[in-house]
Amino acid sequence: FEYNEKYRLLYHFTPQYGWMNDPNGMVYADGTYHLFYQYNPYGARWGNMHWGHAISKDLVNWQYQPTAIAPDKLGAIFSGSAVIDHDNTAGFGKGAMIAIFTSAGDRQTQSIAYSLDGGKTFTKYEGNPVLSDANIIDFRDPKVFWHAPSKQWVMSLATTQTITFYGSKNLKEWTRLSEFGEGLGAHSGVWECPDLFPLTYEGKTKWVLFVSINPGGPNGGSATQYFIGDFDGKTFTPDAMNYPLWLDYGRDNYAGVTWSNVPAADGRRLFIGWMSNWDYANEIPTVNFRSAMTVARTLRLAHNGEHLIVASEPVKELESLRREPLSLADKTTFDTVTFENFLPNNQGAYELTFTVTPNDTDSFSFSIENAKGEVLTYLFDIANKTLSVDRTKSSVAFNANFAEMLVKAPLTAKKSYTVRLLVDKASTELFVNNGEVVQTNTVFPSEVYNTLRFKTEKGTLNLNDITVYKLK
Ligand code: FRU
């Protein structure tokens with residue numbers, strides 16, 4: 001296997017060889033986090049979909065496992081989820097790990113497979129498929145959880161441009177509960193990869209529904225929208241809000257869903273997304289593999305001053321990768337501050353954190369740059385309440401869709417902004433104000449960015465607590 005090719009990320013999950021897209025079947029069991037994923041073991045473009053598999057003790061260091069689920073007479077293995085059947089509701093065994101996925105043949109149907117050895121090997125249920133519908137062509141990506149109050153498994157399924165919920169006592173027989181989404185949110189592409197889960201805000205439980213959409217993201221191509229509301233075991237009722245809301249405004253966070261079976265004592269809602277975009281995913285300039293996952297993230301509800309949002313931040317375990325912090329001196333500037341060679345022996349894997357306080361200015365920016373003149377700029381446009389990422393000059397050219405425009409996110413005006421940027425050879429993940437604004441964007445620079453520049457047109461910028469960590 002070739003681990004050293006130029007854009008092989010250093011601290012993100014990438015497939016050993018071949019193509020990867022959506023994360024699938026994430027489940028925690030007996031001290032191990034499982035990550036399955038859409039996988040083509042035969043080549044670095046989409047096709048022959050299997051479930052690849054990796055395991056981790058800490059959501060940071062991953063070990064490759066043998067391919068978990070392979071195509072059969074019902075079709076290729078598309079996206080889905082996994083649960084632990086503590087009460088043996090399906091009859092495969094107490095504590096069985098059960099995968100629920102789409103069989104993509106002539107038609108899309110839902111199938112199940114079980115593992116009695118902790119996810120090492122899976123046996124497909126002989127009664128597959130367990131759910132089909134002759135009338136719906138785009139009928140896929142089952143995400144299942146146990147809903148204790150109604151004593152049933154609940155499946156969220158993408159059904160063209162709505163999400164249909166189904167209920168089951170045994171994961172084998174499913175009944176339609178309700179359908180959500182007509183006329184609400186973004187609809188200019190097919191709906192995919194739903195996830196319905198509870199989060200609490202100030203002690204109150206709200207239900208969040210993730211729906212990935214492609215195309216039709218806020219900055220083109222694929223992106224994940226969400227709804228916040230209530231779920232009674234049958235119907236999801238969204239709160240009145242200005243939809244669509246987007247989990248990540250960057251171009252490269254798609255089809256992400258959350259881990260199941262995380263112990264209540266941990267209490268986190270853990271997420272990972274596919275760090276690419278269908279606009280160009282098959283053409284990114286890698287050779288032996290294609291695509292990476294985002295870092296694992298923790299989700300929470302936050303209030304942005306106007307309404308509830310889902311904020312996301314890297315899991316705390318990621319901090320274990322930090323080498324000694326390198327502090328840059330606090331600065332106040334009227335125009336430009338440049339830190340050249342800000343990271344000695346820069347291998348392209350680092351984390352940058354700082355606090356910026358603008359005074360009497362409508363906009364300011366910071367950028368990371370290299371000696372080839374490639375530059376990635378973050379523009380805080382306070383007057384227009386947007387945070388834009390300009391990657392038009394960030395990378396080598398490879399696809400017309402990649403770097404054509406500014407990637408925009410809404411920004412609430414604040415006195416100061418805390419910024420956390422994760423950079424890994426070919427990826428950037430920006431978290432502002434503890435994950436209230438998130439921008440994940442891939443980049444393909446011809447050499448590492450090692451200059452950091454801040455600029456303001458007017459007024460002053462106070463820069464504090466600027467810290468760089470090389471990441472292991
Ligand atoms: C989303 C998606 C899913 C599908 C899978 C196929 O990226 O299109 O809807 O199950 O990819 O690989």
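Remember, it's 1-based here, ligands and their atoms both numbered in the order they're listed. Just so you know, residue 1 is the first one in the sequence shown, and it goes up from there.
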Inset, instruction - Give a yes or no on whether the ring-centroid distance for F145 and W207 is below 6.0 angstrom. - result: yes
Inset, instruction - Could you tell me whether ligand 1 has any atom less than 4.0 Å away from a heavy atom of W274? - result: no
Legend entry - Proximal atoms of ligand 1 relative to S79 (non-hydrogen, under 4.0 Å): 5 (C), 10 (O)
Inset, instruction - May I ask you to check whether N24 and Q38 show a side-chain donor-acceptor distance below 3.5 Å? - result: yes
Legend entry - Crowding at NZ, K206 (>12 non-hydrogen neighbours, <6.0 Å): yes
Inset, instruction - May I ask you to check whether W278 and N214 show a side-chain donor-acceptor distance below 3.5 Å? - result: no
Inset, instruction - Note the single closest protein heavy atom to atom 2 (C) of ligand 1, along with its residue, its atom name and the distance in Å. - result: D22 OD2, 3.4 Å
Inset, instruction - Using distance alone, with no hydrogens and no angle criterion, decide if D138 and T160 have a side-chain donor and acceptor under 3.5 Å apart. - result: no
Inset, instruction - Number the atoms of ligand 1 from 1 as they appear, then name those within less than 4.0 Å of a heavy atom of Q38, with their elements. - result: 5 (C), 6 (C), 12 (O)
Legend entry - Pair T294, N253: side-chain N/O donor-acceptor within cut-off below 3.5 Å: no
Legend entry - N21 and ligand 1 - part of the residue with a heavy-atom distance under 4.0 Å: side chain
Legend entry - ligand 1 contacted by T102 (non-hydrogen, < 4.0 Å): no
Inset, instruction - Examine Y378 together with Y417 and report whether their ring centres are nearer than 6.0 Å. - result: no
Inset, instruction - Verify whether the ring centers belonging to F227 and Y243 lie closer than 6.0 Å. - result: yes
Inset, instruction - Please identify which atoms of ligand 1 are closer than 4.0 Å to at least one heavy atom of D141. - result: 3 (C), 4 (C), 9 (O), 10 (O)
Inset, instruction - Specify the protein heavy atom at minimum distance from atom 8 (O) of ligand 1: its residue, its atom name, and the distance to 0.1 Å. - result: E192 OE2, 2.8 Å
Legend entry - For W278, atoms of ligand 1 separated by under 4.0 Å from a heavy atom: 1 (C), 7 (O)
Legend entry - Element-labelled atoms of ligand 1 that are located less than 4.0 Å from some non-hydrogen atom of Y254: 1 (C), 7 (O)
Inset, instruction - Can you sort out which atoms of ligand 1 are near R140, meaning under 4.0 Å from one of its heavy atoms? - result: 3 (C), 4 (C), 9 (O), 10 (O)
Legend entry - Residue F78 vicinity, atoms of ligand 1 by number, heavy atom under 4.0 Å: 4 (C), 6 (C), 10 (O)
